[in-house]
Structures are given as structure tokens and as C-alpha cells.
Amino acid sequence: MDFVAQLTLFVLAVFLGFELISKVPPTLHTPLMSGSNAISGITLVGALLAAGHGGDSQTISILGFIAVTLASINVVGGFMVTNRMLGMFKRK
Amino acid sequence: MQISQAWIDIAYLAAASLFVLGIKGLTKPRTAVRGNLLAATGMLIAAVITLLHKDIVTYEWIIGGFVLGAVVGSLLAIKVKMTAMPQLVALLNGFGGGASFAVAAAEYFKGLDAAGAAGVLEAMAGQSTGMVAMIAIGAAVLIGSVTLTGSFIAFAKLQELIDGQPKGFPGMKFINLILLIGSVVAIGVLVNDPTQQVVFWSLVAAAAVLGVLLVMPIGGADMPVVIALLNSYSGLAAAAAGFVMGNSALIITGSLVGASGLILTNVMCKAMNRSLTNVLFGVMAEGGDAMDQDEVYGGKVRSSSAEEIAMILEPAKRVVIVPGFGLAMAQAQHAVRDLADSLEARGCEVEYAIHPVAGRMPGHMNVLLAEAEVPYDKLKTMEEINPTFEETDVAIVLGANDVTNPMAREDKGSPIYGMPILNVDKARNVVVIKRSLSPGFAGLPNPLFANDNTLMLFGDAKQSVLDVNTAYKES
């Protein structure tokens with residue numbers, strides 16, 4: 001993907017983000033933050049590619065391992081704790 | 001099994017779409033759980049499809065990292081107390097920044113490996129032009145490291161591992177500026193010659209120190225702003241990592257999170273009447289004439305008993321409860337809910353007035369009350385509740401202080417003048433449950449406590465509410 005295409009995607013996604021997130025009510029701002037922690041764990045994708053590269057470089061493997069670990073904490077922890085909080089908001 | 005890049009990209013698009021639908025679900029409490037599951041499904045799709053990528057040849061580091069991360073993540077999610085949610089989010093912000101940093105650093109070394117010294121720029125040109133790739137790596141390393149160390153300091157302050165007071169030294173801003181300029185220069189050098197590994201590691205070190213120095217001077221009361229801002233940074237770091245890898249899923253998701261953090265930062269700044277620059281540089285508003293506590297309170301504060309408050313509550317048709325973080329510290333949420341139940345059983349209307357900074361992060365108080373099974377439709381925002389105080393028979397203030405201080409509305413010389421507050425003093429009767437007359441974060445006396453229509457009930461929040469409830473039920 002060339003740089004301009006990436007930049008286009010980035011700018012449009014920022015606009016989408018502003019539109020979307022300004023509609024989230026204050027009641028749900030904490031789950032929004034933990035939920036966005038979870039989805040920013042999408043770095044897992046890059047982490048997997050680094051950790052599984054299979055080359056000789058230990059540096060890359062170790063950096064990949066660190067990245068996979070940290071991103072997994074965010075993904076698993078983020079979605080689970082968001083789910084736990086949102087469960088409390090269910091209408092009685 | 002191996003699949004073509006096109007299918008992988010389509011799967012990433014599906015994942016990004018599910019994230020957008022997931023956040024859309026978060027716009028209503030009723031659809032929020034489903035939204036979170038949709039987003040989690042998107043993540044599963046993205047992760048599984050990546051494992052089929054042709055560049056992934058070994059799995060031991062992946063499995064090790066994932067198992068470790070999943071265990072730590074689920075333990076954190078299950079064990080964390082709702083009062084400690086700001087710490088957890090601070091920690092997760094830091095991990096997000098750290099992951100983006102590590103991904104970008106790994107890409108940097110892959111670039112070096114692939115081509116040897118001579119053809120580094122060409123090798124990186126595989127993803128986009130070499131220059132753009134190196135700038136993106138530099139940005140991801142810079143933002144990622146700042147987020148990582150900054151978040152850990154925020155975590156340590158919230159967890160009270162270190163003192164929450166603003167910490168600084170003369171020339172700190174100057175050093176921060178030097179570190180920032182140095183980092184940008186380092187990125188410039190690397191763009192010219194990526195083989196300078198010393199420069200790369202200097203960039204990492206400078207960014208890490210910068211993260212620490214940026215958060216140290218920020219006081220405990222401003223932590224909600226900092227957490228929201230670091231949330232935004234962690235998104236930007238992910239987006240930068242997306243530019244490095246030419247990965248659309250990372251770019252879209254990173255920008256969504258970046259925007260989210262910025263919006264919440266803005267909400268928090270407005271609620272505290274502080275500009276972002278003031279928060280970041282640890283500047284407190286300068287007080288005009290410092291008000292003397294004795295002058296404000298002298299002889300005018302009326303102390304009361306649980307029985308007297310029960311008598312005021314008896315004929316009340318409408319009661320508004322104003323919770324602050326002190327309520328959560330005293331673990332009084334359930335006691336408050338029980339009192340509200342007693343009031344409602346006698347036909348009284350009960351609502352909760354939630355100031356945006358009532359908790360320690362955006363929306364924190366709502367979660368704390370939801371945990372005590374307070375229905376979310378009774379939780380009203382400042383804008384919703386303020387016009388109703390005049391028709392309110394009793395406002396009960398529990399552990400909140402500065403956000404009810406009428407000086408913010410009336411006294412132009414006050415340091416908190418202009419801060420949006422809950423107009424509690426407009427209610428027919430005000431009950432303030434508090435340990436003592438000690439001031440809140442702003443360090444100011446609160447004239448509300450000395451008003452004619454205010455009764456103070458001194459004591460522990462939980463015990464006091466239990467006593468009031470008992471007295472009310474007997475009346």
C-alpha cells in the first residue's frame with residue numbers, strides 16, 4: 001500500500017472515530033477506554049509476524065515475543081474486563 | 001496452509017469493520033455487551049488469518065507469548081477491583097504502547113537483516129518508500145516508548161506506589177524540549193542512514209525518559225486527563241506501526257483509538273476547567289484571594305444526626321444523590337443503593353448526579369454505581385440534572401467536594417471560577433456526609449457547607465448512610 005493510500009485511510013478513520021465516539025454516552029466512557037485498549041491490541045497482528053519470522057536474528061524473535069505478550073495482555077484482558085463491566089450495566 | 005495477501009487484507013477489512021460496529025454498540029448500554037463481542041470476534045479473525053501468513057514459519061515464540069499474555073490478561077481482568085480500573089487502563093495503555101514499540105523495532109531489525117548495510121533503504125522500500133518506512137518506525141518507537149514509560153508512572157501514581165504530588169525540578173521543560181528535539185533529529189539521522197543502530201537505541205532511551213518526565217509533574221487530581229491522553233497515544237502508536245507494516249487494520253484501529261482518547265481528554269479538561277497545556281505542564285490555576293476557612297465556615301456550619309436527616313427525608317418527594325470518589329473509597333455504594341431503595345419504596349423519586357470527574361477516570365463513577373446494581377437510567381449527567389435541583393427536596397452529597405463548590409459559579413476571584421459544577425445549593429435541603437471540613441483537591445473551603453439549607457453529617461460515608469437508612473425506616 002503506498003503512503004498516500006495509507007494516509008487517506010488514517011485521516012478518514014480519524015474522522016470516523018470522532019463521529020462514532022462522540023455518540024458514546026458518559027455512562028459508558030470507562031468501558032469505552034478498556035474496550036479501546038482491547039482493540040488497539042490489534043498490534044498483535046504485527047507482533048505475530050515479527051515473532052514467527054523464523055530467521056536467525058534473536059533480537060527480532062525476542063522483540064516479537066515481547067510484542068505478542070503485551071498485545072495479548074491487551075486483547076485478552078481488555079475484552080474480558082470490558083465484558084465484566086458491561087455486564088453490570090444490563091437493565092434489571 | 002497458506003493464503004494470498006488479498007484474502008488476508010479482506011480479513012483485516014472485516015476485522016476493522018467489526019471494530020467499528022463494536023464501538024457503535026457502545027453508544028447504548030443495551031447493545032454494549034454485543035458490541036464488545038463483535039469487536040472480540042474481529043480480533044479473532046485478524047489473529048487467525050495472520051497465523052496463515054506465508055511469512056510466519058515458526059510458532060514457538062508466538063505460542064509462548066500468547067499463553068503468557070492470555071494468562072496475565074485474564075488474571076488482571078478477573079481480579080481487578082472496580083475502584084482500581086484507572087490503574088488497569090493505565091497499565092493497558094502502557095502495554096499497547098510497548099507492543100507498538102516492539103513491533104516497529106522488530107521491523108527495523110528485519111530491514112537491517114534483509115539487506116545488510118548497503119541496501120537497507122531498498123529493503124524497506126518493500127513496504128513503501130524507504131524514507132516513509134523509517135519515519136514511521138521512528139514515530140512508532142517514539143510514541144510507543146513515551147506511552148510505555150508515561151503509563152507506568154501514571155499507574156504508580158494511581159496505585160500510590162509513588163507520591164501523587166506533582167514532581168518537578170527547575171529546567172524540566174527545557175530538558176523535555178531537548179529530548180523531543182533530540183528524538184526528532186535521531187529519526188532524521190536514521191532516515192539518512194538506517195544502519196546507525198546506536199542512534200536507534202538513543203532514540204528509544206530518549207523517548208523512554210521523556211515519557212517519565214512528562215507524567216511526573218502531573219498531580220493526582222489531573223490523572224483522568226493523563227489516562228485519556230495516554231489512551232490516545234497508544235492508539236497513535238498502533239497507527240504508526242500500521243504505517244510501518246503497510247497494514248490497514250492497524251491504521252484504522254489506531255486512528256479510532258487515537259480519536260477516542262482525544263475526545264475523552266477534551267471532556268475531562270472541560271469538566272475541570274483546565275486547558276490541556278496547563279494539565280501537561282502541571283500548572284495549577286493561580287488563586288486570587290485565598291479564602292480563609294474560618295471566615296467561610298465560622299459558626300455557620302450546622303452539624304446534624306442520622307435521625308434529623310431521616311426527618312428531612314421523610315416528606316421528600318425527590319432526592320438527588322451526589323457521589324464522589326470518597327463514596328467508593330468507603331465502599332458505600334451498596335449502602336447508598338439500599339437507602340435509595342427505602343426512599344423509593346415510599347414513593348420518593350431518587351436520581352444520581354454524576355459530575356464528569358466524580359471518579360478517577362471518564363465514566364468511572366457510573367461503573368462503581370452499576371456494580372452496586374444502581375440502574376443506569378437513574379445516573380444523570382451534570383447537564384441533565386442541574387435544571388432539576390430547584391425541584392429537589394433533598395440533595396445528599398457523599399464524598400464529593402470541589403464539584404459542588406458554588407464559588408466556581410459566583411466568585412470571579414476563585415481559582416476554580418468557571419469550573420462546571422453541580423448546582424447542589426439550589427436544592428431545598430442539602431445533606432453533606434463527610435468526615436471533616438477538610439478541603440478537596442483544589443484546597444479550598446466550600447461555602448456550600450455553611451449555607452442555611454445545608455446540614456452536615458460528620459462520619460464515615462458507609463456507616464452514616466446505614467444509620468440514616470435505619471432511622472428513615474423507623475420513622
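Every chain is numbered from 1, with letters handed out A, B, ... down the list of sequences. Keep in mind that this is a model prediction, so the values were computed, not measured.
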Contact class of B/Lys79 relative to chain A, heavy atoms under 4.5 angstrom: backbone
Top contributor to chain B interface from A/Ala47, A/Ser36, A/Ala50, A/Gly64 [non-hydrogen pairs under 4.5 Å]: A/Ser36
Proximity breakdown for A/Thr82 and chain B, heavy-atom pairs closer than 4.5 Å: both
Toward chain A, the part of B/Ala241 with a non-hydrogen atom under 4.5 Å: side chain
Part of A/Leu20 lying under 4.5 Å from any heavy atom of chain B: both
B/Asn93, part contacting chain A, at a heavy-atom distance under 4.5 Å: both
Part of A/Ala71 within contact of chain B (heavy atom distance under 4.5 Å): both
Region of B/Leu88 that comes under 4.5 Å of a non-hydrogen atom in chain A: side chain
Contacting moiety of A/Leu44, where chain B heavy atoms sit under 4.5 Å: side chain
Region of B/Val374 that comes under 4.5 Å of a non-hydrogen atom in chain A: neither
Residue part contacting chain A, namely of B/Leu236, when any heavy atom lies under 4.5 Å: side chain
CZ (A/Arg84) with more than 12 external heavy atoms under 6.0 Å: yes
Contacting region of B/Phe66 [heavy-atom separation from chain A under 4.5 Å]: both
Geometric class of the B/Trp61/A/Phe65 ring pair [parallel <30°, tilted 30-60°, perpendicular >60°]: perpendicular
Contact winner vs chain A - B/Met43, B/His364, B/Met85, heavy-atom pairs under 4.5 Å: B/Met43
Under 4.5 Å from any heavy atom of chain A - which part of B/Ala40: both
Structural part of B/Ile49 lying under 4.5 Å from a heavy atom of chain A: neither
Interface moiety of A/Leu12 toward chain B, non-hydrogen atoms closer than 4.5 Å: neither
Contacting moiety of A/Val45, where chain B heavy atoms sit under 4.5 Å: both
Option that, when pairs with chain A are counted at under 4.5 Å, heavy atom only, ranks first among B/Ala372, B/Gly258, B/Ala102, B/Pro356: B/Ala102
The single option from A/Thr43, A/Asn37, A/Asn74 passing side chain to side chain contact (heavy atoms under 4.5 Å, CB included) against B/Phe95: A/Asn74
Proximity breakdown for B/Leu264 and chain A, heavy-atom pairs closer than 4.5 Å: side chain
Structural part of B/Ala136 lying under 4.5 Å from a heavy atom of chain A: neither
Heavy-atom proximity to chain A below 4.5 Å, by part of B/Thr381: side chain
Ring centroid separation B/Phe109 to B/Phe200 under 6.0 Å: yes
